[in-house]
Structures are given as structure tokens and as C-alpha cells.
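Keep in mind that what you see is a predicted model, and the values were worked out from it rather than measured. Both counts, for ligands and for their atoms, begin at 1 and track the order of listing.
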Amino acid sequence: MEKGEKLYEGKAKILYLTENPEQLIQHFKDDATAFDGLKKGTIQGKGVVNNQISITLFNLLKKRGIKSHFEEQLSDNEMLVKRVEIMPVEVVVRLVSTGSLCKRYGIQEGLTFAKPIVELYYKNDQLHDPLMNDDHVLTLGLATAAELAQMKQQALQVSAILREFFDSIGIDLVDFKLEFGRYQGQILLADEISPDTCRFWEKGTHRKLDKDRFRQDLGDVEKTYQEMLQRIGAKAT
Ligand code: ADP
Ligand code: MG
């Protein structure tokens with residue numbers, strides 16, 4: 001696969017054009033940011049880990065009937081994806097209370113919800129990704145009612161599949177963020193699913209196994225990303 005011009009460079013990934021206008025190369029970087037870009041750093045080996053974990057999880061979801069933009073692995077830190085038109089709405093699913101949710105609503109950490117909470121955020125760095133509800137999404141014209149319904153429904157399906165998978169490797173899935181895109185009249189899961197975009201707690205100990213180690217300077221950041229790759233890989237193969 002010929003790597004073409006750089007289409008977009010974000011905080012964690014680079015997208016390159018390919019000779020096929022319908023496909024892009026998604027390259028995962030070791031760069032890490034947190035707190036709306038205020039904290040910057042590097043997590044050695046993160047690009048490889050996030051690429052491999054995303055591939056494993058996209059494959060798992062595909063087996064369970066959830067399609068995504070993932071086409072094939074190209075290298076340790078690159079995958080070939082379908083080029084989609086990213087919806088400017090990030091879908092967050094929360095299974096256990098933590099982070100900004102606890103701050104916003106004044107609730108304690110670590111409460112397991114009877115049913116997952118789906119949150120919508122406007123994907124807009126300048127506005128700092130504000131929380132929105134369905135009415136905001138529809139009125140701002142960010143998605144149609146049918147698209148929004150599909151995104152929310154798929155997010156809940158992904159939640160159930162991932163929760164069961166992580167359960168089986170001794171990890172509590174706490175929350176995660178998904179991005180979707182338009183592709184040939186459909187809504188397709190895109191972007192990545194990795195320790196950058198999910199929160200994982202080891203069962204019992206509640207040891208954090210995700211980007212919170214970087215956000216909160218908990219140490220063993222690189223080691224924890226490698227551990228997640230091993231735990232997920234061992235189960236998947
Ligand atoms: P950001 O800093 O904006 O979050 P990232 O570093 O995550 O960016 O880079 C990936 C960018 O590419 C994101 O903006 C994401 O929405 C977009 N993207 C992910 N998958 C696709 C795809 N299949 N087609 C087009 N854009 C995509
Ligand atoms: Mg991103």
C-alpha cells in the first residue's frame with residue numbers, strides 16, 4: 001500500500017491518503033496529550049500497542065456483527081481503514097462512575113450503573129468538546145435523528161460486547177469514547193479503541209490500566225500499555 005499525502009495530523013494519529021480514494025492509512029503515534037491538550041508527553045511504544053489493540057477489538061466486534069472502518073493491518077503501528085466523514089459527535093459510554101462525571105454531578109467514584117450512561121460531546125477542540133444532548137445534536141445539524149439513533153444503539157452494543165470480553169480477562173470496563181463516520185449512506189464505527197480512549201480497572205484491585213496513568217502521573221505508563229496489549233492479545237488468540 002503506497003502511502004500518499006498526509007491528510008490530517010491529530011494529537012495521537014496521522015491519516016494518510018492512499019491510491020484508493022476510499023481508503024486511508026491510520027498511523028498511530030507515541031505522542032500523548034491530556035486535559036484538553038494542556039499536558040503533553042510521549043508514551044514509548046503506545047502507537048504499536050494502540051494499533052494492535054484497536055485491530056483486535058475491531059475484529060472482535062466484527063465477529064459480533066458490528067462493522068467498523070478497519071480493513072487490514074499494514075505494520076506494527078499502521079492500519080488501512082475506510083475513509084469516512086467523521087461525525088462531529090463523540091459518543092461516550094459510562095459503566096462505572098469516574099472522572100468528569102463525578103465532578104459534574106457530585107457523585108462518588110466506582111459506582112457501577114444499573115444501565116450504561118450514553119453521553120454525547122461536540123467534537124470541537126476550540127469549544128473544548130462540550131457535553132450535548134440529542135436536541136443540541138439535531139438542532140445544530142450534526143447528525144440526523146436516524147444517524148444519532150444508530151450511533152447510540154451501536155455504542156450500547158459495543159459496550160455489551162467489550163464489557164463481556166474485558167470481564168473474561170479480569171478487567172472492569174469503566175468507560176470509553178467512540179467516533180463514528182458516514183460511509184456509503186451508513187454509519188460506521190471509526191477511529192480507535194485503545195487504552196487512550198477507554199478506562200480499564202483491574203478487577204478487585206482497581207489498578208488503573210489506561211491513559212489515566214499518564215494523566216495522573218501514576219507511573220509505569222509504558223509498562224501498563226504493554227500489559228494491556230499482552231492481556232488482550234493472549235485472550236484473542
Ligand atoms: P484528534 O487529535 O483530532 O483527536 P487523532 O490524533 O485522534 O485526532 O487523529 C485521528 C483523526 O482522524 C481524528 O480526528 C478522527 O476523527 C479521524 N478519523 C478516524 N478514523 C477516520 C476515518 N476512517 N476516516 C476519516 N477520518 C478518520
Ligand atoms: Mg482523537
Side-chain angles (χ1 to χ4, degrees), residues 1 3-43 45-55 57-59 61-62 66-74 77-93 99-100 119-132 137 142-143 147 150-151 154-155 158 175-199 210-212 214-215 225:
M1 182 54 59
K3 197 187 275 178
E5 217 180 294
K6 197 192 276 189
L7 175 67
Y8 176 82
E9 176 156 8
K11 298 180 287 283
K13 302 185 291 297
I14 306 173
L15 293 176
Y16 295 95
L17 298 172
T18 68
E19 65 260 22
N20 183 340
E22 305 244 309
Q23 292 181 323
L24 299 174
I25 293 171
Q26 179 161 245
H27 172 105
F28 288 74
K29 303 193 284 184
D30 287 351
D31 298 355
T33 63
F35 308 118
D36 211 11
L38 284 178
K39 183 179 170 116
K40 290 192 176 72
T42 305
I43 301 173
K46 175 170 82 76
V48 171
V49 170
N50 284 1
N51 187 45
Q52 312 276 2
I53 290 180
S54 292
I55 289 170
L57 297 178
F58 283 140
N59 278 331
L61 292 170
K62 186 176 172 187
I66 305 279
K67 290 186 210 149
S68 77
H69 70 159
F70 173 67
E71 300 264 58
E72 62 178 276
Q73 176 160 12
L74 295 177
N77 61 357
E78 288 176 326
M79 60 166 75
L80 185 67
V81 298
K82 292 190 169 80
R83 181 178 186 167
V84 304
E85 185 196 332
I86 289 285
M87 309 295 294
V89 178
E90 299 189 342
V91 184
V92 170
V93 180
S100 65
E119 294 179 336
L120 307 170
Y121 290 88
Y122 191 6
K123 183 174 160 61
N124 185 319
D125 282 341
Q126 268 132 37
L127 298 176
H128 313 288
D129 299 344
L131 179 67
M132 17 167 54
V137 172
L142 305 181
E147 287 170 338
Q150 276 186 56
M151 287 163 63
Q154 281 194 42
V158 169
D175 57 33
F176 61 91
K177 183 266 298 180
L178 299 178
E179 292 185 27
F180 294 89
R182 290 192 181 108
Y183 182 78
Q184 299 180 348
Q186 282 188 315
I187 285 294
L188 208 56
L189 179 60
D191 207 50
E192 68 181 298
I193 307 179
S194 73
D196 274 17
T197 62
C198 304
R199 285 197 176 98
D210 56 63
K211 202 168 92 174
D212 273 349
F214 168 76
R215 290 190 189 96
Y225 273 74

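Here Glu9 has no heavy atoms under 4.0 Å from ligand 1, in either its backbone or its side chain. At a heavy-atom cutoff of 4.0 Å, ligand 1 is contacted by both the backbone and the side chain of Asp191. Of all the heavy atoms of Gln26, the ones lying under 4.0 Å from any atom of ligand 1 belong exclusively to the side chain. At a 4.0 Å heavy-atom cut-off, ligand 1 touches His69 through the side chain alone.
Inter-residue side-chain proximity for Phe35 and Arg215 is flagged as met; some heavy-atom pair is nearer than 4.5 Å. By the 4.5 Å heavy-atom criterion applied to side chains, Lys211 and Tyr225 are counted as neighbours. Here the side chains of Met87 and Glu179 are not in contact, with every heavy-atom distance at 4.5 Å or above. Side-chain contact between Val158 and Val93: absent, with no pair of heavy atoms (C-beta onward) separated by less than 4.5 Å.
Counting protein heavy atoms only, atom 7 (O) of ligand 1 is closest to Lys13 NZ, 2.6 Å. The protein non-hydrogen atom at the shortest distance from atom 14 (O) of ligand 1 is Lys123 NZ, 3.4 Å. Ranking protein heavy atoms by distance to atom 3 (O) of ligand 1, first place goes to Tyr8 OH, 2.7 Å.
Polar contact check, Lys11 against ligand 1: a nitrogen or oxygen pair lies under 3.5 Å apart. Taking distance alone, with nitrogen or oxygen atoms compared against 3.5 Å, Glu179 approaches ligand 1 more closely than that limit. Every N/O-N/O distance between Leu24 and ligand 1 stays at or above 3.5 Å. Between Arg83 and ligand 1, no N or O atom pair is found at a separation short of 3.5 Å. Looking at Val84 next to ligand 1, an N or O pair under 3.5 Å apart turns up.
Residue Lys82 has at least one heavy-atom neighbour below 4.0 Å for each of these atoms of ligand 1: 22 (C), 23 (N), 24 (N). Heavy-atom proximity to Leu15, at under 4.0 Å, picks out these atoms of ligand 1: 12 (O), 17 (C), 18 (N), 26 (N), 27 (C). Close approach to Val81 involves these atoms of ligand 1, each under 4.0 Å from a residue heavy atom: 23 (N).
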Stepwise, does the side chain to side chain donor-acceptor pair (under 3.5 Å) test hold for Gln150 with Gln186?
-> CA-CA 9 Å; Gln150 276 186 56; Gln186 282 188 315; over 6 Å; no

Check step by step if side-chain contact (heavy atoms from CB on, under 4.5 Å) holds for Lys40 and Asp31.
-> CA-CA 8 Å; Lys40 290 192 176 72; Asp31 298 355; over 6 Å; no

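Using a 4.0 angstrom heavy-atom cutoff, Lys29 does not count as in contact with ligand 1.
Salt bridge status for Arg199 with Asp175: present, with a side-chain N to carboxylate O gap under 4.0 Å.
Side-chain atoms of Ser54 do not come within 3.5 Å of backbone N or O of Asn51 as any donor-acceptor pair.
Taking the six-membered ring where tryptophan is involved, the planes of His69 and Phe58 are perpendicular, since the angle between them exceeds 60° and thus also 30°.
The 12-atom threshold is not exceeded at NZ of Lys62, counting heavy atoms of other residues, nucleotides or ligands nearer than 6.0 Å.
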